[in-house]
Visitor: 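Could you have a look at this structure, given as structure tokens, before my questions?
Please read these numbers as outputs of a predicted model, since none were measured by experiment. Any value given below was found using the heavy atoms of this structure, including those in side chains, with hydrogens, waters and symmetry copies removed.
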Amino acid sequence: MYKGLGRRKTSVARVTITPGKGKIIINGKDINEYFPYATLVQDAMQGFVITKTENQFDVTANIKGGGFTGQAGALRHGIVRALIQASQDYKLPLKKAGLVTRDARVKERKKYGLKKARKAPQFSKR
């Protein structure tokens, strides 16, 4: 049993991987039932695809916060961290693919006098 904590935007995923047949349960639901789009499932599974361990581990995850995209990213990050715990041999290919580092991009805060973070009101000369 290997554990990994993954984060992306405002989502946090607590992931546990155990040797098994490739079953993935997120918050008590199957991964295909939990995520509405197949691309999100593919995104979350990237760590297994790169290390060629698709059907070797069962995953149970508890995900909180954010939306679908952030949660899929957090799950991927958690799985990658757990895989590295399982074997240090996986670290180099995962690092080369850029999956080990946390994606730190979050929404920029709105500034006063502007409509959004950077969008300014329309300029009128007269």
Side-chain angles (χ1 to χ4, degrees):
M1 187 167 84
Y2 307 100
K3 294 186 178 198
L5 183 75
R7 291 195 180 100
R8 170 80 173 98
K9 292 188 176 185
T10 57
S11 302
V12 179
R14 287 192 293 282
V15 179
T16 306
I17 63 170
T18 51
K21 300 237 189 307
K23 195 172 185 180
I24 300 170
I25 305 294
I26 303 162
N27 295 348
K29 290 182 180 179
D30 183 64
I31 190 166
N32 296 311
E33 196 182 318
Y34 188 80
F35 288 123
Y37 308 113
T39 51
L40 294 175
V41 175
Q42 280 180 327
D43 185 41
M45 299 300 291
Q46 267 185 314
F48 290 129
V49 173
I50 288 164
T51 56
K52 296 174 180 69
T53 55
E54 280 103 325
N55 296 317
Q56 294 178 23
F57 292 100
D58 286 343
V59 178
T60 51
N62 186 352
I63 308 178
K64 286 186 179 170
F68 300 134
T69 311
Q71 288 187 351
L75 178 64
R76 179 181 69 185
H77 191 222
I79 288 171
V80 166
R81 281 184 164 181
L83 280 170
I84 290 169
Q85 230 182 39
S87 172
Q88 285 294 317
D89 300 338
Y90 298 143
K91 190 169 185 172
L92 192 67
L94 291 169
K95 185 85 172 165
K96 279 186 178 172
L99 300 180
V100 178
T101 335
R102 182 210 194 280
D103 190 348
R105 295 175 297 167
V106 290
K107 189 171 172 131
E108 194 176 331
R109 81 170 199 87
K110 183 194 173 298
K111 278 77 166 194
Y112 63 88
L114 300 180
K115 290 181 180 280
K116 297 196 315 190
R118 299 185 182 203
K119 185 180 180 182
Q122 189 175 23
F123 175 74
S124 171
K125 199 168 188 177
R126 282 172 198 88

Visitor: Is there a side-chain contact between R105 and R8 in this structure, where contact means two heavy atoms from C-beta onward sitting under 4.5 Å apart?
Guide: yes
Visitor: In the structure I gave you, are the side-chain heavy atoms of L75 and F35 within less than 4.5 Å of one another anywhere?
Guide: yes
Visitor: Between the side chain of H77 and the main-chain N/O of V100, is any donor-acceptor distance below 3.5 Å?
Guide: yes
Visitor: For R81, check salt bridge (charged side-chain N to carboxylate O under 4.0 Å, His left out) against everything at least two apart and list the hits.
Guide: none
Visitor: Does any part of the side chain of F48, heavy atoms only, come nearer than 4.5 Å to the side chain of L83, both counted from C-beta?
Guide: yes
Visitor: Atom CD1 of I79 and atom OG1 of T16: how far apart are they, to the nearest 0.5 Å?
Guide: 11.0 Å
Visitor: Kindly say whether G22 contributes a backbone atom to a donor-acceptor pair with the side chain of D58 at under 3.5 angstrom?
Guide: yes
Visitor: Only counting residues at least two apart or in another chain, list the ones meeting salt bridge (charged side-chain N to carboxylate O under 4.0 Å, His left out) with K111.
Guide: E108
Visitor: Would you give the length of the straight line joining atom OG1 of T18 to atom CZ of F57, rounded to the nearest 0.5 angstrom?
Guide: 9.0 Å
Visitor: Ignoring hydrogens and angles, tell me if any N or O in the side chain of Q46 forms a donor-acceptor pair with the backbone of R76 under 3.5 Å.
Guide: no
Visitor: Is any side-chain heavy atom of I50 closer than 4.5 Å to a side-chain heavy atom of L94?
Guide: yes
Visitor: Taking the side chain as every heavy atom from C-beta outward, state whether R14 and K64 have any atom pair closer than 4.5 Å.
Guide: yes
